[in-house]
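Here's the structure, in structure tokens; my notes come after.
Values below: every heavy atom of this structure, side chains too, minus hydrogens, waters and symmetry copies. Start at 1 and go down the list; that is how both ligands and their atoms are numbered.
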Amino acid sequence: MDNPSAAARIEFLYNEIARHNRLYYENDAPEITDAEYDALFQELKLLEEEYPDLARPDSPTTRVGGKAADKFLQVKHSLPMLSLENGFSEEDIIAFDERIKRFLGIPAEKVIEYVCEPKMDGLAVELIYKSGTFTQGSTRGDGETGEDITANLKTVKDISKHLKSPAPPSLIEIRGEVYLPIEPFRELNRTREENGEPPFANPRNAAAGSLRQLDPTITAHRPLTIFCYAIGKTEGIKFPSQSKLLETLSTFGLPVNPLIERVSGINEAIKFYNNIENKRDSLPYEIDGVVIKVDDFGMQRELGDKSRSPRWAIAWKFPPRQAVTVIESIIPSVGRTGVITPTANLRPVEISGVIVSRATLHNWEEVERKDIRVGDNVIIERAGDVIPAVVKVLTDKRTGEERIFPRPVKCPECGSEVVKIPGEVAIRCLSLDCPARIKESIIHFASRNAMDITGLGEKYIDQMLRLGIVKSIADLYSITKEDLMKFERMGDKLADNLLNAISKSKNCELGIFLFALGIRHVGEHTAKLLAESFGTLENVITAKEEELLAIREIGPQVAESISEFFNDQDNRVTVEKLLASGVTPSEAKKRIGGRFTGKTFVFTGTLPTLTRNDAQKMVENEGGNASGSVSKKTDYVVAGEEAGSKLDKALQLGVTVLTEEEFLNMFL
Ligand code: IVH
């Protein structure tokens, strides 16, 4: 490449990498896969090595990606949170080992002790513990400055608020990766799709999106967790090695990945990589490689850092779980709530040992945004989801034969007009008689997390519908053995088992029953909340929208959907029929307030991390009252910066005054 074209390419790569950094770190919505990003980055690195005079000091190769977003307060890390150098092959790893030995003047035949760790695909955070108490947590941001997400991190169950230690150090900054395991990720996406919200592309984006919520109560409902793997600044404690550090973090009560191993020599590290790669698909969380770290901290210090990464560690990335294939057709399928989702049938292709023949296209907006056409060559990726997704269309491979698949205007199953509800990305069939909706609603009703009717799978449901034995969930409990014996491949014993399972499901919890009904926007969590708040089915059915809205986590859309469901004559008949067949949802224990029942709080001034609205909702959620003015009846005043007369009044009346931190500690 000549100098001007290299300069132009470098300029292009700078801008492109910066754009993707913004999409990934700030918007939690990357447009390209990690592997594509790595390829851009590698290309830039190689060009800069070849043309050092063209490399700018502000090159992305010298910095760590994200910039702290404005919505959170910024936190300067005491020590920069560096990134890791990437390796992609055994040769890269052997070269890493050789480099280290050369740098340290160690003979080539000697072995170095390494710690090998799965590379978690989540969001890097720093947790500051002062004298054993968690005081502040932040994102990595650009490596120098991150975002203060203390309130959100406090809702992550596995982040201990107090270190388990009789003599904790005066300061320890602990670094780790917050992640969302695969199963909750799928559950979250299922709910989002049902609600007409765009699904997260992968667990990492879901974790990042959840952690950077301005409302910590939203974060609290996402089962995020953490593995800790490094430290920043410490006072009053020193560690000789990475392995000793991890051991201590574990005794402190912080999660450390149990798969981590200390190994002797690079060959053992290579074995570790191969072993973990084999396990990759069976792990309950996403990893994207293995991190190999020199164990000894003395050696680490001697090796030091380059501008964006330490010399003593390398991230050996797994090959991307991607493949190129062709979209053979696009099939619209109708879900239980009538959402019509596009799925792509693919020319079968193997991705890391699995034959893939379908990809989810999520929704029609996505099909249009990515301009996905039948006949297109596409890159697909398996990322934390069973069904892979289309990453990108290879438009330069188009022949002109590709066909645009327009979004349906009629339900593909029942032919009724479809509607797009304002504010939702989904299009829906609203017909309650739509056979696809009926089928999906029975599948949902019988599913494990709902009524748990073991054995009642799609195969039998299809036959029931075909033979006209059931027309809706209400008919399930009137099925007889005679009916079942009409099914293909049905035996005496199997029929008895199925009837038993159906009958057993009659005694259920109210929350489960409400969830099983398949009310739009009512997932497992909301159903449980309804049950706990109203106690009986009758109370839920007759609840007015205002009463529903009084539950902190129920918003107008959900309240409206619940009211609409129970106001619908057909739904009422279904519920009555279920009850008449002997289904008895047990009365749920009413939530008797929370920890603040009867207490009144006043918030004044600007709080460091919470908005006034969030803080008030947090109090109400625990049964307390949030008031606008201080009186003798006020129990607590939470004062932030520039608190004025309300604080004066509180002090005058002797009302307890709290900082935001003290307030948040009341939730621990
Ligand atoms: S150590 C200076 N260990 O990978 C070294 N990082 O590409 C600091 N990551 O920013 C990082 N698993 O977000 C380390 N076991 C692990 C990791 C890990 C995931 C992430 C982390 C880091 C990024 C660098």
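- With a 4.0 Å cut-off on non-hydrogen atoms, L84 touches ligand 1 through its backbone as well as its side chain.
- Among Y229, F227, W312, Y179, the residue whose heavy atom lies nearest to atom 11 (C) of ligand 1 is Y229.
- Looking at P310 next to ligand 1, no N or O pair under 3.5 Å apart turns up.
- Within 6.0 Å of the NZ atom in K161, the count of heavy atoms belonging to other residues, nucleotides or ligands exceeds 12.
- Counting heavy atoms closer than 4.0 Å to ligand 1, residue K293 contributes side-chain atoms (C-beta onward) but none from N, CA, C or O.
- The protein atom (non-hydrogen) at minimum distance from atom 8 (C) of ligand 1 is L82 O, 4.1 Å.
- With respect to R204 and D288, no salt bridge is recorded, no charged nitrogen being found less than 4.0 Å from a carboxylate O.
- When heavy-atom distances to ligand 1 are checked against a 4.0 Å cut-off, P118 comes that close only through its backbone atoms N, CA, C and O.
- Near E117, the atoms of ligand 1 lying under 4.0 angstrom from a non-hydrogen atom of the residue are 3 (N), 15 (N), 16 (C).
- With hydrogens left out, the protein atom closest to atom 13 (O) of ligand 1 is E177 OE1, 2.7 Å, a heavy atom.
- Remark: minimum distance from atom 12 (N) of ligand 1 to any protein heavy atom is reached at M120 N, 3.0 Å.
- Here the protein heavy atom with the shortest distance to atom 23 (C) of ligand 1 is K119 NZ, 3.9 Å.
- Ionic pairing of K45 and E85 is present here: one or more N-O contacts between side-chain nitrogen and carboxylate oxygen are shorter than 4.0 angstrom.
- The CD atom of E173 sits 9.0 Å away from atom NE2 of H77, with the distance rounded to the nearest 0.5 Å.
- Ion pairing between a basic and an acidic side chain is recognised when a charged N comes within 4.0 Å of a carboxylate O; R321 and E286 show such pairing.
- Annotation for R448: atom CZ does not count as buried by contact number, only 12 or fewer foreign heavy atoms lying within 6.0 Å.
- Using a 4.0 Å cut-off between heavy atoms, R140 contacts ligand 1 through its side chain alone, with no backbone atom that close.
- Side-chain contact, T225 with D158: a donor N or O sits under 3.5 Å from an acceptor N or O.
- A donor-acceptor contact under 3.5 angstrom links the side chains of N257 and Y285, judged on distance only.
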